[in-house]
Structures are given as C-alpha cells and as structure tokens.
**Q** 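Before I ask anything, here is the structure I am working with.
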Amino acid sequence: MEPLLKVDDLHKAYGALKILNGVSVNVKRGEKVSIIGPSGSGKTTFLRCINFLEKPTSGHIFVEGKLIGEKTVSGKFVHVSDTELAKDRQEIGFVFQRFNLFPHLSVLGNVTIAQTKVLGLSQRDAEARGRQMLEKVGLGHKVDEYPERLSGGQQQRVAIARVLAMQPKLILFDEATSALDPELIGEVLRVMRQLAEEGRTMVIVTHEIQFAAEISDRIIFMDHGAVVEEGSPAKVLKDPQHPRTREFLKRIEQR
Amino acid sequence: MEKLLAVYVDHIDVWLPEMLFFSITTLEIAIVSFVLAVAIGLVLVMLRVSKISPLVTLAILIIEVARGLPIVVLLYIVYFVPPQLVSGWNWSWYNAFVGAVLGLGIHGGAILAEVFRAGIEALHKGQREAALSLGMTPAKSMRYILVPQAARIVLPPVANYGIGLLKETSLCSLIGVNELMNDAKSIAFADYEPMAVFLLAAAIYFAMSYPLALILRHVEKRLNFSR
C-alpha cells in the first residue's frame, strides 16, 4: 500500500551548513512514528521541511502520493505558488514547541479562524466543530478565554484542538512538551495518547523517550542530519544496534 | 488677575468667535496631514522592510532626513523651495495650507514609518508560521493574524502622534497659514493684549487635545486583549 507520507532523500543546508543529509522516511496511514536524537541532529528541521516551513534544498515530500510544495513541469520539479502551497499545508497539522496561539483571538477564535478563512466554513459550523475539538482536549469550559490567561499545558492543548479542527491527514508534533513546566507535560501527553489511540497518523519529535516507547509503532533515531537507526520501540530502545544510538540512550537514562 | 478678567470681559465677544473660526483651519491641517502622514508612513515602512536594498536605502534616507530636521525648517523648505526650483509651472494652487500639510505629512510619515516598523518587528515569527501551517496564504496570514496584532501595538503611539500633531500645527503660522496661532498673533498685536490672547489660545488648544487624550486612554484599555 502507498504510504500516507513519503519523504524522499531530503537535504537541507543553510549555505555551507548542512542540516539534513538525505533523509528518507515513509509513514503508513494510522502509523505513529517518533523521532529521537540529540539536539542539533536535524529532527526539527526535518519536521519543518515536511510542510515547507523550511524549503528543502533537495528531495521531495509526498502526502498520499501527491507532491507537497512542488509540482513537475515537463519532467522538472518546480516550487508551487503561495496559494497552492497553502492548500498542500491544509492536509498537514503542525503542533509547535511554543504553541503559537494567536493572542488577539479567544480560544474559540483560535480554533475557528482557519476553518472560516481557509476551509470556508460558516461561523456557526466552525464554532460547532471548534467546541467539539476543545471538548476533546478537555478545554470546553475555556472557549471565551484569551490565550495569555491559560497555562502552557492548556495553550498547547488549544493548539492541538486548532490543528484537529482542520481535519488534517497527518499531524506533526515538534517537541510539543519541551516548553512546558514538568507538572504540565502529562496533560498534553494524555491528549496525544488519545489521538494515537484514535488511529491518527502522527510524526512526533520528542525528548520524552518513555512516552515515545509507549505510543509509537516505530522509533527513528537521527543524528547529524541522517537516520541512524529505526524500528519498533522494543528494538531501537531495548536492543539498539548502532553505537551512537546506544550512547544517546545511555545519556538520556543518566539524566 | 482682576485686570486680566476685565480684559476678557471687554474683548471675549470678539476674540472667541474669531479664534474658534480659525481653529477650524487648525483642525483641518491636523486631520489632512495626519491622513497624509499615515499614508506616507505605510509606503516608507513597506520600502524599509522590503529587503530590496536600493529601496531600503532610499527609505532610510528619507526617514532620517525628515526626522532630523526641525519641523519649521522642513515647512520652509517644502513651502518655499519647489516653486523656485521649477519656475516654469503654474504654482498658484500651492498655497500655505498645501505646503503646511505636505511638510507635516512628510515629517509625520517619517516618524510613523519607524512606529510601524516597531509594530511589525514586535510580532513573533511563530505567529506567521502558525498561520501558514493552518493553510493560510501569506496574504491571509497578514490580514487575519499579523496586521490585527500589529495594529494593536501601534495604535497608542500613532494616536499620541496625532494629538501632538494638533499642537504642532501652530508652527504653520510661520509660513503664513491663517490658523489659530496666526490669528492669536494678529489679535495680540492689534489689541496690545498678548498675555490674555495667548492664554485664550492655549485654552482652545487644550480644549481640542485633551478630549482626544481621554478617548485614546479609553480605547487603549479596551484593546488590551483580555485584561
């Protein structure tokens, strides 16, 4: 079966500084893939390239077989227009480390704005769906609050509801709990676990190894801009083959 | 004090209507040059953040020169220089009022361009990325996410500038616009009562600017997101 997400030989460099050196990853529909690795290994850049927040230097992204951010014109790959790129991005939800809620909009405004302005839903339908998603993340009682009145954990859950309301085919999580106080991490992980159990397709960059082990179908260990090792959590975390994986896991344990 | 009151009792019926009449010109200069300043400021800030280096240099040059000159000097230059530079044209339309709003507009545009730039730069780049990742085009992210936030940031300084501008219009008397200050001067010298006349002019300026300051304070409170 065709993978839902296909990343083909992704390279990213800023001038002479190479961040990604040919990363290829396939993700099946409903699969949960966690990417772990040391800081600076290119995990976040990899994730940001998938929805073209960073433009790859070379390599291609496909969602359900359709090119993202590019098209082929007489056999050559060219970047698509802003409008087409925006359409491609609708399929791909992105949860940021720093939440990035819109401070000038209420919680409900945050989860409806893209529904009305991008998907073209009516305000009523968008609010209905928005409330439903906020209920799902346990924040149905906060619809009229403004982001700055919420804790970090609550803000991140609103950000997840905002993504869910767009009904993406795939959700990318970029260190979604790294900016949170320790006591707030659990509530966000609970929501993510719930999404995993619903069978959503998720690619998760995380430092929460234990969590990754529990919910992931597959773990990818990245270092120096390349995939070093991948496989089931049991295989990669309990029986790592590559010395760099072993060293990384040992350092994590000592923490 | 009693002497001053006696002066007002004698003259107020003539002074006040006349000065209020010329206050209308003061308000007209303020409003037109404010609109012009916002327009010029928007153009300058677009050039300034365009990342096209000759345009950026041009914008910086205009901004720094216009901000670096005293307003009076700028008014003299704008009003007196162009007709002499291009002598072949018909300059009859170029009266003191036009020179005044152009001079104040250019000066204000330079100030507001920097205010607008601060507003744009205060926004976190994550806001744009969040908007894009939700499928908004760059234009939509501007319209629904970035501009509304930047507007809230720049509204107080822009309004403050507007209130200051109302008072700066008094400088236009120096290039001969018949507004409140010019009228006050001519009455003061005609009736030999400078103190009484200028105090009255001060009261009228205050009566125009203070309500604006009160309105601004109210609007600022309401715009303060959730608080």
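Chain identifiers are assigned alphabetically (A, B, ...) following the order of the sequence lines, protein sequences preceding nucleic acid strands; residue numbering begins at 1 within each chain. These figures come from a predicted structure and were not determined experimentally.
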**Q** For chain A, find which of B/S133, B/P138, B/A131 contributes the most heavy-atom pairs closer than 4.5 angstrom.
**A** B/S133
**Q** Provide the closest heavy-atom pair for A/P103 versus B/Q127 in the form atom of the first, atom of the second, distance.
**A** CD-OE1, 3.5 Å
**Q** Say whether, by atom type as modelled, one donor and one acceptor occur between the side chain of B/E129 and the main chain of A/F96 under 3.5 angstrom.
**A** no
**Q** Please confirm whether the backbone N or O of B/G126 pairs with a side-chain atom of A/N100, one donor and one acceptor, at under 3.5 Å?
**A** yes
**Q** Looking only at atom types and distance, does a side-chain atom of A/H104 sit under 3.5 Å from a main-chain N or O of B/Y144, one as donor and one as acceptor?
**A** yes
**Q** Under 6.0 Å from the OH atom of B/Y210, do we count more than 12 heavy atoms belonging to anything else shown?
**A** no
**Q** Rounded to the nearest 0.5 Å, what's the gap from CG on A/L85 to OG1 on B/T137? Could you check?
**A** 10.0 Å
**Q** Where on A/L172 is there a heavy atom nearer than 4.5 Å to chain B: the side chain, the backbone, both, or neither?
**A** neither
**Q** Does NZ belonging to A/K66 count more than 12 external heavy atoms closer than 6.0 Å?
**A** yes
**Q** Would you give the length of the straight line joining atom CG of A/L105 to atom CD of B/Q149, rounded to the nearest 0.5 angstrom?
**A** 7.5 Å
**Q** To the nearest 0.5 Å, how far apart are CG in B/L134 and CE in A/M166?
**A** 6.0 Å
**Q** I need the B/M136 CE to A/K117 NZ distance, nearest 0.5 Å.
**A** 8.5 Å
**Q** For B/T57, what residues pass the side-chain contact (heavy atoms from CB on, under 4.5 Å) criterion, not counting sequence neighbours?
**A** none
**Q** For A/N51, which atoms come within 4.5 Å of any heavy atom of chain B: side chain, backbone, both, or neither?
**A** side chain
**Q** What part of A/R48 lies closer than 4.5 angstrom to a heavy atom of chain B: side chain, backbone, both or neither?
**A** side chain
**Q** Chain B heavy atoms under 4.5 Å from A/F102: which part of the residue, side chain, backbone, both or neither?
**A** both
**Q** More than 12 foreign heavy atoms under 6.0 Å from NE2 of A/H141: is that the case here?
**A** yes
**Q** Give me the contact list for residues 124-140 of chain A versus chain B, heavy atoms only, anything under 4.5 Å, ordered by residue number.
**A** none
**Q** Tell me, yes or no, whether the heavy-atom count around B/M208 atom CE, taken from other residues, nucleotides or ligands under 6.0 Å, exceeds 12.
**A** yes
